[in-house]
Structures are given as C-alpha cells and as structure tokens.
Amino acid sequence: MTADAGPVLHPLCRPADRRAAAEALAAGDDDRIAAAVEQAAVGALLPALAQVTGDVGLVPEHLRPDPDDFMDPQGGLTGERLAEARALAASALRELRDGRRRRVEAPPVDDAPLRPLAAHVVGDAHVDDYLPLLLEELAPEGVDRRAPTWHKDDLAPDTPFHVVVVGAGMSGLLAAHRLRQVGVDVTVLDKNDDVGGTWLENTYPGCRVDVPNALYSYSFAHATWPQHFSDQATLLAYFRRFADETGVRSCVRFGTEVLGATWSDADRTWTVRARRAGAPDGTPIEELTAHAVVSAVGQLNRPRLPDLPGIEEFAGPWFHSARWRHDVDLTGKRVAVVGTGASAAQFIPVVADQAAELSVFQRTPNWLAPTPDYHDDVEPETRWLLAALPEYGDWYRLWLFWRMHEGLTAAAEVDPAWDPSTGTVSLLNEMVRLGLVAYLDEQFAGHPELRDAVVPTYPPIAKRIVRDNGVWAATLTRPHVHLVTDPIERITADGVRAGGVDHPVDVIVYGTGFAASQFLTPMQVTGRDGLDLHRHWDGDARAYLGITVPHFPNLFCLYGPNTNIVINGSIIFFSECEVHYLTECVRLLLAGGHHALEPTEAVHDAYNAEVDAANARMAWGASSVNSWYKNASGRVSQNWPFPLLEYWRRTRVPDPDDFELR
Ligand code: NAP
C-alpha cells in the first residue's frame, strides 16, 4: 500500500529545492513577511537566515535567547529585544527577497560557520559539547550526517551477512534503511499488513503524537507537517512514505509473526521461526537463517488488559484502546472507560461527543502540560515561511530539540536535601508543580470536587505529562460525563462495580496501557548454550545500552530496556543512536573477521548498576506512583536517566573491549 496523503516528506538527504523556495519568497509581500516573523520562533529564524546568507551579524549576542528558559516560547526574549529580533529577521527576509542579500552558493566546507549559529540556540556553555550532535539533528543542506560512512563491499565483500529485523515500525524501518545502506542483506518481518507499528495499530479516535512533529521525525527526513502535533493517520502516512522512498518496503514480509529465534554456536547463526500472523497452531513454521537478529518490536506493543475479576463476564462489547473496535458504534450508548493515561486522555473527549453517558474510571490523575496549539494546523504564515525559507524548518527542529531535552530533565532530578513529604523532589520540581496546579485550578474553576480529584499527589515528571489544550476539563465537566475515582472491584455482566456502586454500561473501553516491561514477548529467544532469554531476564529485562545482552550473540534490541524518555525529546533520537550503534557493531564484526559479539557480563552489569542508581535519583524512580516505567519488581526498566548527549556519546563507536568477540 502506498501513501497518497500526509506530510510533505522532504527529499531524503538532499538540500531543499532552492528554486521553489525562491519563488515562494518572491510571492511574499512585506505584510506576509511581517506576519510570518510574528508567528515564528525568532531564536530559530535568525540562525536560519544567518546560515542562508552567511551573515553572522544576524545572530548578535544581545538578541540571543536564554538557552535555559524552557517555558517561554521565545526563549525569554521579551519586549524591546523581541521586537528588535523580529525587525532584524523581517528586514533580512525582505532583503533576500529583493536580491539585496544573496544566498551563499556553496555550503560551508567545515562546521566553523555553524558554531555561532548553534550557540545562538543552545548558549556558549553547551555548544562545544553538543555541536556534532546538533548538526546531525539539523542536517544542514540536507546532508544526512548519520548516514553510515562504510560499505560491506569494502570490508568483507565475500562474507555473507543476513540480518532479520523483527518489526516494521519506526525503529525497524530505520534499521533496515541503514543496513541496506551498508550493503547488508535485510529481511524485515512484521505481523501486520503494513508498516508503521504503533502508528498502524493505534487507531483509537483522537490518537496523535505528543512531541511536536518538527522533532518527531527522522533527522534525515524532515517533513512539512500540516499540524504541530500530527494525528495518527498523518504519522502513518509519513512512515509509509519513508518505507516507499527508501525502498525499504521491498524487504518487508508482512503478515508474518516471529515466534522465536535460536542461536547456534556451531553454525554461528540464528534460526528465526515465523509463521503467518494469526495462523492456528499446527500451521507450518518457516525458518530463516540470520547472522544477526534485530528486535524492533517496541515497548508499547502488547496491549495490557487489567487484572480485574469478571472482565470476561461483561455482556456487551469491550476492547482495548490499541485494538479499537470501529464496528462498535458508541453513539447514544452508556460507555465506561477504564484508565486515564496518555491514550485515554486522547480518546475520552471524542467518546464523550458520542456517548449518552460516559463513566471515566480514574486510578491516578495526570499532570497536564498546557499546549494551546495541540490540535491546531500549522498557521498559514508559518507554512509560507517554511516554503520560502526551508532552513527555518531545520533550525526550528533544532530549537525544539534543545528546548525539549536536557534543561527539562533537571526538573526531574531528586535533590537529596529536599523534603519528599512536599510531594515533589526538588525546588525546581516544586516550581513546576505549582505551575501545573495553577493550570488545573484555572481549568477546573467552579468545579471544586472535580478539581480535587484531578490534581495529582505525585511529583511532576514521575509519569508522562499529558498535553492539554483545555479539552480535558471541558470534557470532564460535561453533564453526561462522570469521573469515578473509587477503585474498581470487579466487572459484572452489566458494567463496572467500584466503591460498592454498580455503574451499568453498554460498552467498556480499556485504556490501560501495555505490557511494556515484558520486552520481546511473546517471542521465545534462545541464546548460547540453550539459554532462554525470558528465563534469563526473569521479568527484569536488562541490556547493555539497551541494545545487546550477554549470552545472546548478535542480538540487537531497538527501544530496548532503559531507552525510554519521560519528557526530554523524541524517541526517534534514541532509535537513530541505537541503529547507528548496530551498524557500527556489524562493521566491527566484518572488519575484524569476527562472527559474533555479545557484551561481557562485567560491562553489562556495571552499566546496569549505573543506570539503576541514576534512575533512583529521578522523579520516576524515587516516586512510588504506578507507572509503566517500572517492572513487576519495581525496578525502572524503561527509562534512560542521563542526558541525551550521554546516550549519543556512548553509542558513537562500539568499544571492542566491551564485547566477547568470536
Ligand atoms: P498508560 O500510561 O500505562 O495508562 C494506563 C492507564 O490505565 C492508567 O491511567 C492506569 O492507571 C490505568 N489502569 C491500568 N490498570 C488499571 C486498573 N486495574 N484499574 C484502573 N485503572 C487502571 O498507557 P497509555 O495511556 O496507553 O500510554 C502509554 C504510553 O504510550 C504513554 O506514556 C506514552 O509514552 C505513549 N503514548 C503516547 C501518546 C502520544 O504521543 N500522544 C499517546 C498515547 C500513548 P495508573 O496510572 O494508576 O496505573
């Protein structure tokens, strides 16, 4: 299937079309320029103009945003400074349009000219540490700086190397693309009939991304998005288009479920067992031989139904949000929704428009991040600016990359001297809490009982903060919507019993999340000496850098243990780091004439001890609140506790000393 709608995907790894940009710019009169500049993040617009014109005078010191002011959309530039920055940007755009300034013809031969531009966004204190990473994210002149720099033909042309990738979602597509770039044979197996993974499966009404799309995209495949936070259909179209334009779709076998994989020391290969998805037991199993297996099955892949007594006894339709029953018409029905996490917060407002009565069963409330443009189209002025000056899109991505990561993490760090009875973990965390409480107070003004029920008692950032443009309060305060905070005792044939009260309903929807900590289930993975991965993990999945596991040679996990982030940025960044590391590991094998690698126990254990200790110092580790970040034993098995820069650094070049190389 090929996408026929969706975002405009910029040609992969090629500069923007300068002629089209010049035409768009020429069509912009002074008013249009002024309106576009007014809408723009001027801290991103000035460096974009400086790059295009080669004029570093467009990023003057006194107009620099505060790199640590993450709350203000203009990075703390207010009043006169903001007006001056806008005037400077507008005049540069007019001059560019009128030919009084020219685009620099040749891209810079080195990165020196880009340094002051990046410093304008991230500040002098950070720029040297971050510059190479930032320029990868920026992809100036359309250069894919994360593209592999080697090819198998130059290293080991006669060595067969076949990789099976399990999953054709965001990570699996990326892995296949990079592996094809280095000349390795790839087969992607996916149980679904199309690419897209989570964006294919989650079709619940209201589903959309909660990271701005300018950032939630591959670094080398920027796109022009119709909305700031795209809906599921738009995202699916992006990944479909990516699969088509890279040619990756041709190596995906759809409708194929992987049952397991077994390593053979004698053959130095994996045997991957697969069969037609949904086929009954007894259906013949196909075996594929692979020199490496990449698990790209995601963390939020297996829906989790709650362990509530009577769940099967309910007489009406019931389903999980990730398996939405579009055949069940909710119009005029009495509907119960169990759960109020990120998924439920998106579909509850839509269900409320359809249902006659809606009972929302909340166990733990969410902190809400005020996001007024959450459902909005990208403004026409900004769309014009992106067309006329495509580099603005690149710098806006970088702007978001910076503002959505490291600085925000500080608010999740536990101050050991801070009194935890405050319900927060540090002064900064408390300040965030006060801001978020003020938002809830404002949203639920006039509804004191509801207000008390929706204000969380756990620290902000201990769970994912849900974006909100006012729809949550607008929904919960509707007369036919009932928020139930009593614990659910059981499901009955007629509905939900909670706090001793029966709530009769026609349909139950479970927005109860995923079996996130059960990595790689239900696949049966057998490593060296017949070791079973799930028995080995015993419910407590761990991997070195979230990617490799001792005793499991040439097994690579993407979005594996401890590679999730709670607030700081886009998960695509992690996948790009993981896939880079994967290809570099393959290079290490081929260049050294090795057959297999696996991390040493010592390296793996020391790494995990470091991650555990750091997670304990973060709000999500210190708080006892329920979350999918912890496994059954209470260990934070999902989250990365360090800066993004640290993950990028550690995944640059695999250290041969970390591995047993065979
Ligand atoms: P989730 O965050 O795990 O939420 C599950 C909800 O079900 C929670 O409210 C949970 O309550 C409740 N629940 C579970 N068992 C229950 C029980 N027995 N009785 C009552 N309530 C119960 O799952 P999710 O909403 O699907 O989101 C998972 C993750 O997916 C998110 O954190 C996010 O990373 C990602 N996601 C992202 C987006 C987006 O980009 N916009 C959208 C959806 C999901 P407790 O909190 O008390 O456990």
### Message
Classify the ring geometry of Y544 against F659: parallel below 30°, tilted from 30° to 60°, perpendicular beyond 60°.
### Response
perpendicular

### Message
For a quick check under 3.5 Å, do S219 and E576 share a side-chain donor-acceptor pair by atom type?
### Response
yes

### Query
Does the distance from a Lys or Arg side-chain N to an Asp or Glu carboxylate O, for D69 and R403, drop under 4.0 Å?
no

### Query
Ignoring hydrogens and geometry, is there a side-chain-to-backbone donor-acceptor pair from N631 to Q518 under 3.5 Å?
no

### Query
Got a salt bridge between R542 and D540, using NZ or NE/NH1/NH2 to carboxylate O under 4.0 Å?
yes

### Summary
With F573 as partner, the option from W640, F401, Y647, W648 fulfilling ring pair (Phe, Tyr, Trp, His ring centres under 6.0 Å) is F401

### Query
Are the aromatic ring centres of W620 and Y629 under 6.0 angstrom apart?
no

### Task
Determine, for D129 against R649, whether the closest basic-nitrogen to carboxylate-oxygen distance falls under 4.0 angstrom.
yes

### Message
Please check: side-chain N/O of Y458 versus main-chain N/O of T364, any donor-acceptor pairing under 3.5 Å?
### Response
no

### Query
In terms of side-chain heavy atoms, does T422 have a donor or acceptor partner in D419 at a distance below 3.5 Å?
no

### CA sep, side-chain torsions, deciding dist, call: H320, F514, ring-ring contact (aromatic ring centres under 6.0 Å, His included)
CA-CA 10 Å; H320 187 277; F514 299 85; 5.6 Å; yes

### Message
Testing the 3.5 Å rule here: is there a donor-acceptor pair between the side chains of H222 and D394?
### Response
yes

### Message
Taking E38's backbone N and O only, do any of them form a donor-acceptor pair with R86's side chain (distance below 3.5 Å, no angle check)?
### Response
yes

### Task
Could you give me the CA-CA distance, side-chain angles and deciding distance for W402 and Y130, then say whether ring-ring contact (aromatic ring centres under 6.0 Å, His included) is met?
CA-CA 10 Å; W402 182 254; Y130 278 87; 5.0 Å; yes

#### Entry: Pair E598-H604, side-chain donor/acceptor within less than 3.5 Å
no

### Query
Does the side chain of S230 come under 3.5 Å of the side chain of N213 through a donor N or O and an acceptor N or O?
yes

#### Entry: Near-ring test W367/Y439, centroid separation under 6.0 angstrom
no

#### Entry: Check: F361 ring centre within less than 6.0 Å of H482 ring centre
no

### Trace of the side chain to side chain contact (heavy atoms under 4.5 Å, CB included) decision for R146 with H580
CA-CA 7 Å; R146 292 196 176 127; H580 173 82; 5.6 Å; no

### Lys/Arg N to Asp/Glu carboxylate O, R397 vs E137, below 4.0 Å
yes

### Task
Would you please say whether a donor-acceptor pair under 3.5 Å links the side chains of R208 and Q227?
yes

### Query
Taking only residues two or more places apart in sequence, or in another chain, which ones meet F229 in a ring-ring contact (aromatic ring centres under 6.0 Å, His included)?
Y374

### Message
Taking the basic N atoms (NZ, or NE/NH1/NH2) and the acidic carboxylate oxygens, is any pair closer than 4.0 Å for R145 and D111?
### Response
yes

#### Entry: Short side-chain to backbone donor-acceptor contact, R497 and R490, under 3.5 Å
no

### Message
Check this for me: does any side-chain nitrogen of one of R650 and E610 sit under 4.0 Å from a carboxylate oxygen of the other?
### Response
yes

### Message
The criterion is ring-ring contact (aromatic ring centres under 6.0 Å, His included); which residues satisfy it with H534, sequence neighbours excluded?
### Response
none

